[in-house]
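Everything on this sheet refers to the single structure shown next.
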Amino acid sequence: MNIKNHNFIFKLTFSYVFIILISFGSAYLFHAILPGLFIALGLAFLSSLLLTRDMTLKLHKFVRISDSFSKGDFSHKIFLDSKDELGELASTLNSMAQNLEDKIHEIEIKNQHLVAILESMVEGIIVVDKTSRIVSINSSVEKIFNISKQNLEGKVFLEVIRNNDIAEIINKVLKKGEFTSCELTLMWPVQKIFQINASPIFEKEEVSGCLLVIHDITEIRKLETMRRDFVANVSHELKTPLTSIKGFVETLLEGALEDKENNRHFLKIIQEHGERLNKLVDDLLSLSHLESKEILLEKGIFNLRQQVEKVIMGFKEQLKKRNVDIKNEIPANISINADKDKIEGVFTNLIDNAIKFNREKGVIRIYSQQEGDKIKSIVEDSGVGIPDKDIPRIFERFYRVDKARSRELGGTGLGLSIVKHIVELHGGTVGVESVEGLGSKFWFTLPNL
Ligand code: ADP
């Protein structure tokens, strides 16, 4: 309400009332002033009516726009051209609305950043309230538990993720208000190991929820197991020849040295074990070199058939001894761009195995095929073959179908893993097809020129 206008009406009305009172004193005056009095009262009533209407309209505007502010709609502002108290109130409301709009925008941006961070995290994130109902969940959780995060908010955790162990962790955190961490193995859809960190969320010093961070540590655990197995395998592989060498040296020292019939035989065994140790150390060194990131391939273009021929020459004695025939069927015109020495190593390992695990009068065929933009080389033998159950693990370090036979034949169990590393360093792949008792086909691909 405009106070100045009020004063004016009041003064006007008061003046006329005063005049009326004076007028009562004189009938003449009464007759003369009465019409003026009515006119003045009429005018006062009319102006007050107009002012009230104007005020009501302004107040309606205030109510309507304040209502849209309260609903978060700041697109309209209160425009009043008056410079009175109502005008001031309108501009205060407008600037308050502007501040609110800016703050809400700022919060929205921060919220978007937070969502982007949560969504890009590889760890699964779940937030539940104090009644174990889901408040928020990120996309990684979908992948971990094979669920869809659509419409999950508000649902009880156990209804969505049927895992009692995690539900128990949540209950513990909600009850005690303390950080809890544990390791969990999920068997489905595939076996995975997770590290679960659960922290309480506080609101006014009371536990209001729980934040779960789920790390997939399957690979870390796998690597740890592999490292443990590797150390155990290496120790075992070293121990066998070393024990034999030690035993035979002791036998010789205890008198067998003078035994003309056997001393050379004992020395021969020591030599063989020494060679095995040497081969094992060589293979371990090549493997660690291939696995180190510093390795550089010395690539060059060379003829594949000629290179294989050179490798075969080195096996002439062994082939003759085992009565195995070998055929190099690689076309004469195939050239590849690769590290010549390393590819020679691949063929050496594959041909060595094809001879070692072949049968008497067996055959070996070496041929190649063009496969898309790759050259596929195949070493096929007619040997003992590999049982189906062993095929998936055959390229693992120290994996051998028949340990005793492999050792007897001077194998270290590292040849195929060296082959795999070399081929993969070149951007190719390795594989095997085998039928137990009939033979095996070891193959690898290399990018074309
Ligand atoms: P090594 O030959 O030194 O034992 P490898 O890594 O070269 O080690 O081979 C691992 C195992 O794979 C061998 O012990 C053998 O059991 C199997 N294997 C490899 N090549 C053949 C083959 N051509 N035929 C049958 N078995 C094979």
Side-chain angles (χ1 to χ4, degrees), residues 226 229-230 232-234 236-241 272-291 308 311-312 314-315 318-319 321-329 342-367 376-425 429-444:
M226 269 168 77
D229 290 354
F230 182 69
N233 278 323
V234 171
H236 182 73
E237 292 299 323
L238 289 172
K239 203 166 165 41
T240 318
E272 273 169 19
H273 283 298
E275 274 165 13
R276 233 185 100 192
L277 276 178
N278 200 32
K279 174 128 184 13
L280 186 69
V281 173
D282 278 353
D283 280 359
L284 283 171
L285 284 175
S286 347
L287 203 61
S288 86
H289 182 57
L290 287 166
E291 280 179 350
V308 170
V311 177
I312 293 173
F315 283 105
Q318 214 176 317
L319 285 160
K321 211 164 114 192
R322 297 193 144 253
N323 205 1
V324 172
D325 189 23
I326 195 160
K327 292 185 180 104
N328 180 0
E329 296 173 8
K342 297 217 163 40
I343 297 302
E344 199 179 303
V346 169
F347 278 109
T348 305
N349 267 306
L350 295 180
I351 296 172
D352 184 38
N353 282 343
I355 301 171
K356 280 194 307 195
F357 300 101
N358 220 318
R359 59 177 164 78
E360 178 66 21
K361 292 189 183 156
V363 217
I364 300 170
R365 273 181 71 215
I366 304 168
Y367 53 100
K376 186 174 182 178
S377 302
I378 300 125
V379 177
E380 187 181 317
D381 67 64
S382 56
V384 294
I386 303 163
D388 282 350
K389 68 170 178 39
D390 296 302
I391 288 180
R393 300 193 59 190
I394 210 77
F395 288 94
E396 281 177 26
R397 295 182 293 196
F398 294 114
Y399 193 84
R400 286 176 281 200
V401 178
D402 181 344
K403 275 195 186 216
R405 183 169 178 181
S406 159
R407 283 211 192 97
E408 199 186 298
L409 297 169
T412 60
L414 294 173
L416 288 180
S417 48
I418 291 175
V419 165
K420 186 170 185 253
H421 267 90
I422 295 176
V423 173
E424 285 177 356
L425 275 173
T429 45
V430 285
V432 61
E433 286 155 34
S434 186
V435 180
E436 206 180 348
L438 284 182
S440 313
K441 257 192 218 179
F442 278 86
W443 57 262
F444 65 94

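One-based numbering, in listed order, for ligands and for the atoms of each.
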Of all the non-hydrogen atoms in the protein, which one sits nearest to [atom], and at what distance?
atom: atom 16 (O) of ligand 1; answer: Val401 N, 3.0 Å
atom: atom 10 (C) of ligand 1; answer: Tyr399 O, 3.3 Å
atom: atom 2 (O) of ligand 1; answer: Asn353 OD1, 2.9 Å
atom: atom 4 (O) of ligand 1; answer: Ser406 OG, 2.6 Å
atom: atom 12 (O) of ligand 1; answer: Ile394 CD1, 3.3 Å
atom: atom 1 (P) of ligand 1; answer: Gly413 N, 3.5 Å
atom: atom 13 (C) of ligand 1; answer: Phe357 CZ, 3.6 Å
atom: atom 23 (N) of ligand 1; answer: Asp381 OD2, 2.9 Å

Whether the side chain of [X] engages the backbone of [Y] through a donor-acceptor N/O pair (distance < 3.5 Å, no angle test) should be reported.
X: Thr412; Y: Leu280; result: no
X: Ser286; Y: Asp282; result: yes
X: His236; Y: Ala232; result: no
X: Asp381; Y: Ile364; result: no
X: Thr429; Y: Glu424; result: no
X: Asn358; Y: Ala354; result: yes

Are any of the N/O atoms in [X] less than 3.5 Å from those in ligand 1?
X: Leu416; value: yes
X: Arg400; value: no
X: Gly411; value: no
X: Gly385; value: no

Measure [X] to ligand 1 on non-hydrogen atoms and call it side chain, backbone, both or neither using the 4.0 Å cut-off.
X: Phe442; value: side chain
X: Asn349; value: neither
X: Ile386; value: side chain

Is [X] near ligand 1, meaning one of its heavy atoms is under 4.0 Å from it?
X: Gly383; result: no
X: Lys356; result: yes
X: Phe395; result: no

Practice prompt. Using a strict cut-off of 4.0 Å, indicate which atoms of ligand 1 neighbour a heavy atom of Thr412.
Written response: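 Counting atoms of ligand 1 from 1, those under 4.0 Å from Thr412 are 3 (O).
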Fill in: Subset of ligand 1 atoms that lie under 4.0 Å from at least one heavy atom of Ser440
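In order of number, 24 (N), 25 (C).
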Worksheet item: Could Glu291 and Arg397 be called an ion pair, given the rule that one side-chain N must be under 4.0 Å from one carboxylate O?
Response: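 Arg397 and Glu291: salt-bridged.
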Fill in: Residues forming a ring pair (Phe, Tyr, Trp, His ring centres under 6.0 Å) with Phe347, sequence neighbours excluded
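Scan of Phe347 (ring pair (Phe, Tyr, Trp, His ring centres under 6.0 Å), adjacent residues dropped) gives Phe444.
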Worksheet item: In this structure, are over 12 heavy atoms from other groups packed under 6.0 Å from Lys356 atom NZ?
Response: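 Counting neighbours around NZ of Lys356, more than 12 heavy atoms of other residues, nucleotides or ligands fall under 6.0 Å, so yes.
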Worksheet item: Distance from Lys441 atom NZ to Arg365 atom CZ, nearest 0.5 Å?
Response: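 Reported to 0.5 Å precision, the distance equals 8.0 Å.
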Practice prompt. Going by the side chain to side chain contact (heavy atoms under 4.5 Å, CB included) test, name the single residue among Leu416, Ile386, Val379 that passes it with Val432.
Written response: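 Of the listed options, the one satisfying the test is Ile386.
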Discussion item. Angle between ring planes, Phe230 versus Phe398, binned at 30° and 60°: parallel, tilted or perpendicular?
Written reply: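 The arrangement is tilted - the two ring planes meet at 30° to 60°.
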